[in-house]
J.: 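Structure in structure tokens, see below.
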Amino acid sequence: MKFFIATDHAGVAIKPDIIKILQNMGHDVIDLGPMDDSRVDYPDYAHKLCLEVLADTQGAHGILICGTGIGMSLSANKHVGIRAALCHDAYTASMSRAHNDANVLCFGQRVVGLGVAESILQAWCETPFEGGRHATRVEKIEL
Ligand code: RB5
């Protein structure tokens with residue numbers, strides 16, 4: 001899979017480890033920043049990443065990390081075509097793929113440690129969208 005990743009200052013510390021985990025799983029990761037922990041506004045990075053995900057022709061997914069994951073998910077879900085899921089455990093990560101066809105994963109660096117983050121990534125990558133009745137519901141999300 002191909003991933004774009006972006007954070008704010010409250011999510012940047014865990015980013016190198018997340019990138020390494022994904023690369024070790026064989027995925028391609030494009031880092032959209034920031035590259036240090038200077039204060040930034042999470043919507044700026046959420047919007048930057050969503051535009052890349054929407055423009056990507058290979059069906060890339062996105063990963064957005066802030067302190068709680070909440071600001072990132074609120075911002076990302078303003079984009080038509082983005083289904084951003086805030087997941088703090090493997091179960092919700094897996095269900096967000098299987099039932100919601102989520103294309104952006106959000107979580108909070110202040111909420112999960114690296115072990116839980118790794119299980120979230122694993123669940124996300126291993127779980128395909130089930131389609132069927134879930135596809136009908138996903139289509140109804142956009143107004
Ligand atoms: C930054 O302090 C924090 O507000 C931000 O990372 C995020 O948690 C907002 O939702």
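Any value given below was found using the heavy atoms of this structure, including those in side chains, with hydrogens, waters and symmetry copies removed. Each ligand, and each atom within it, is numbered from 1 in the order the structure gives. Numbering of residues begins at 1 and proceeds along the displayed sequence.
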J.: Below 4.0 angstrom from a heavy atom of Asp8, which ligand 1 atoms are there? Numbered from 1 as shown, please.
T.: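 That gives atoms 5 (C), 6 (O) of ligand 1.
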J.: Could you tell me, atom by atom, which parts of ligand 1 come under 4.0 Å of a heavy atom of Gly67?
T.: 5 (C), 6 (O), 7 (C), 8 (O)
J.: Residues in side-chain hydrogen bond (donor to acceptor under 3.5 Å, both in side chains) with His9, at least two apart?
T.: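 Here no residue qualifies.
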J.: Closest non-hydrogen protein atom to atom 7 (C) of ligand 1, residue and atom name please, with distance?
T.: Cys66 SG, 3.4 Å
J.: Please find the pair of heavy atoms, one from Ala46 and one from Ala76, that lie closest to each other, and give the distance.
T.: CB-N, 4.3 Å
J.: Looking at every heavy atom in both Val29 and Ile19, which two are closest together, and how far apart are they?
T.: CG1-CG1, 3.9 Å
J.: If a pair satisfies side chain to side chain donor-acceptor pair (under 3.5 Å) and one of its residues is in residues 39-53, list it, with sequence neighbours excluded.
T.: His47-His79
J.: What is the closest protein heavy atom to atom 1 (C) of ligand 1, and at what distance does it sit?
T.: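 Its nearest protein heavy-atom neighbour is His9 NE2, 3.8 Å.
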J.: If you draw a 6.0 Å radius around NZ in Lys78, do more than 12 non-hydrogen atoms from other residues or ligands fall strictly inside?
T.: no
J.: When you measure from atom 2 (O) of ligand 1 to every protein heavy atom, which one gives the shortest distance, and what is it?
T.: Arg110 NH1, 3.4 Å
J.: Below 3.5 angstrom, do we get any N/O pair linking Gly71 and ligand 1?
T.: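 For ligand 1, there is an N or O atom that lies under 3.5 Å from one belonging to Gly71.
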J.: Any idea which protein heavy atom is nearest atom 8 (O) of ligand 1, and the distance to it?
T.: Thr68 N, 2.9 Å
J.: Closer than 4.0 Å to some heavy atom of Ala10 - which atoms of ligand 1 meet that?
T.: 6 (O)
J.: Is Cys87 close to Val112 at the side-chain level, that is, under 4.5 Å between some pair of heavy atoms?
T.: no
J.: Report the nearest protein non-hydrogen atom to atom 9 (C) of ligand 1: residue, atom name, distance rounded to 0.1 Å.
T.: Tyr42 CE2, 3.5 Å
J.: Indicate yes or no: at least one non-hydrogen side-chain atom of Thr7 is less than 4.5 angstrom from one of Ile18.
T.: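 No; the side chains remain at least 4.5 Å from each other.
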J.: For atom 4 (O) of ligand 1, is the nearest protein heavy atom closer than 4.0 Å?
T.: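 Neighbour list for atom 4 (O) of ligand 1 is empty of protein heavy atoms (cut-off 4.0 Å).
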